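This is a predicted model, so every value here is computed, not measured.
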Amino acid sequence: MRMKASRFPIPLVFVTVGCAWNAAGTTGCQLAAPPSPLPDALHESSGVASSLAHPGTIWSHNDGGEPLLFALDMEGRLLARIPFHGGAVWDWEDMAVSRCGDWSCLYLADIGDNEEIRDPVRLLRIREPTDLDEEVSLTAEEFPVSLPDGPRDMEAIFVLPEEEVFFVSKGRSHAQTVYRYPPPLRAGEVVELEEIQVLSPGSMPIPAQITGADASRDGSLIALRTYEALFFYRMEEGRLVPVEGGRVSLGTLQEPQGEAVGFGPAGEILLTTEGGNFGGTASLRILECGGLLGK
């Protein structure tokens with residue numbers, strides 16, 4: 001049964017502002033350290049997630065179709081490059097880490113669709129390796145998905161506990177929309193996502209398009225990012241509710257092209273960028289947001 005979409009206004013991204021990035025709302029967000037350059041091989045970091053199996057380790061990947069995982073430390077230094085198998089990746093745009101039964105898993109979003117013609121797109125799931133060994137053999141399970149309103153460009157997923165997976169459309173030529181995979185995950189079966197919430201009145205200008213998402217480890221807090229701003233939400237009755245004062249302008253971070261967001265092991269906010277094609281080096285920035293998280 002398809003969940004009814006909520007179409008009340010959500011204050012996501014309607015204006016571009018020039019105020020300092022850490023002056024907005026009550027998040028208390030501050031840069032924890034200067035930006036860290038990412039390894040040359042990770043030149044277009046399009047997704048980032050914090051490992052459950054290896055505390056203090058960050059996972060990332062390049063934009064596009066390279067079936068390769070990058071394990072990094074919290075300063076962006078390369079720990080391992082681990083390939084995986086399970087079908088070619090077409091346009092991998094985001095990733096998440098969450099529990100999957102007695103294990104932890106990586107969820108890879110092969111959902112990019114600039115021309116909005118792909119049907120279906122795919123979620124991939126890989127069990128986190130027990131060792132960060134470049135010789136390890138990893139295999140991805142495939143979960144093809146379609147959208148109830150036709151193909152949409154998407155670059156963001158987040159996963160709540162109990163493997164509840166959500167996708168967020170970018171807003172390229174349609175309203176930004178949140179979709180839910182009706183559980184449980186079913187490998188190999190094309191499953192139609194449920195539309196649960198519309199976030200914008202229509203398509204959005206490029207700076208305000210959604211490029212990444214993540215959920216805190218306990219699922220209590222959701223982060224969505226655009227090229228220009230970061231937004232925090234609570235999940236209430238299956239829908240995103242904005243955190244009061246939860247908008248952070250990213251304009252003065254000087255990201256060459258900000259793409260990904262993830263929650264760090266202690267609740268930090270991880271931001272990574274693309275670099276090589278946009279006049280800079282891909283990089284990692286870490287925000288401490290103690291006011292938001294009640295610390």
Can you check whether [X] reaches [Y] side chain to side chain, under 4.5 Å on heavy atoms?
X	Y	answer
Gln30	Leu287	no
Leu42	Leu72	yes
Val191	Tyr181	yes
Ser51	Glu128	yes

Within the side chain of [X], is there an N or O that forms a donor-acceptor pair under 3.5 Å with the backbone of [Y]?
X	Y	result
Thr273	Ser283	yes
Asp214	Phe263	yes
Asn62	Leu68	no
Thr139	His85	no

Item to complete: Over 60° means perpendicular and under 30° means parallel, so classify the ring planes of His54 and Trp59, tilted if in between.
Response: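 Ring orientation, 0 to 90° scale: perpendicular.
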Discussion item. Over 60° means perpendicular and under 30° means parallel, so tell me whether Trp92 and Phe84 are parallel, tilted or perpendicular.
Written reply: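 Perpendicular, since the angle between the ring planes exceeds 60°.
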Carboxylate-amine/guanidinium proximity below 4.0 Å for [X] and [Y]:
X	Y	value
Glu75	Arg77	yes
Arg172	Glu116	no
Glu163	Arg125	yes
Glu155	Arg225	no
Glu134	Arg81	no
Arg118	Asp113	no

Worksheet item: Could you go step by step and tell me if Ser169 and Gln176 meet the side-chain hydrogen bond (donor to acceptor under 3.5 Å, both in side chains) rule?
Response: CA-CA 5 Å; Ser169 66; Gln176 293 165 329; over 6 Å; no
Discussion item. Testing the 3.5 Å rule here: is there a donor-acceptor pair between the side chains of Ser249 and Glu228?
Written reply: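 Absent: no donor and acceptor within the cut-off.
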Worksheet entry | Polar contact flag, side-chain donor to acceptor under 3.5 angstrom, Glu259-Gln257 |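 Glu259 vs Gln257: donor-acceptor pair found between side chains.
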Item to complete: Go through the steps for Phe167 and Tyr179 under the test ring-ring contact (aromatic ring centres under 6.0 Å, His included), then give the verdict.
Response: CA-CA 5 Å; Phe167 301 72; Tyr179 303 90; 8.0 Å; no
Worksheet entry | Test applied, side chain to side chain contact (heavy atoms under 4.5 Å, CB included); reference residue, Val168; option that passes from Ile210, Thr211, Ile157, Leu240 |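 Going through the options one by one, the only one that passes is Ile210.
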Worksheet item: What are the two closest non-hydrogen atoms of Pro151 and Ile117, and how far apart are they?
Response: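 The answer is CB-N, 3.9 Å.
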Worksheet item: Name the one of Glu164, Glu192, Glu195 that satisfies salt bridge (charged side-chain N to carboxylate O under 4.0 Å, His left out) with Arg180?
Response: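 It is Glu164; the other options fail the test.
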Item to complete: Please test Ser60 against Thr272 for side-chain hydrogen bond (donor to acceptor under 3.5 Å, both in side chains), starting from the C-alpha separation and ending with a verdict.
Response: CA-CA 9 Å; Ser60 190; Thr272 64; 4.6 Å; no
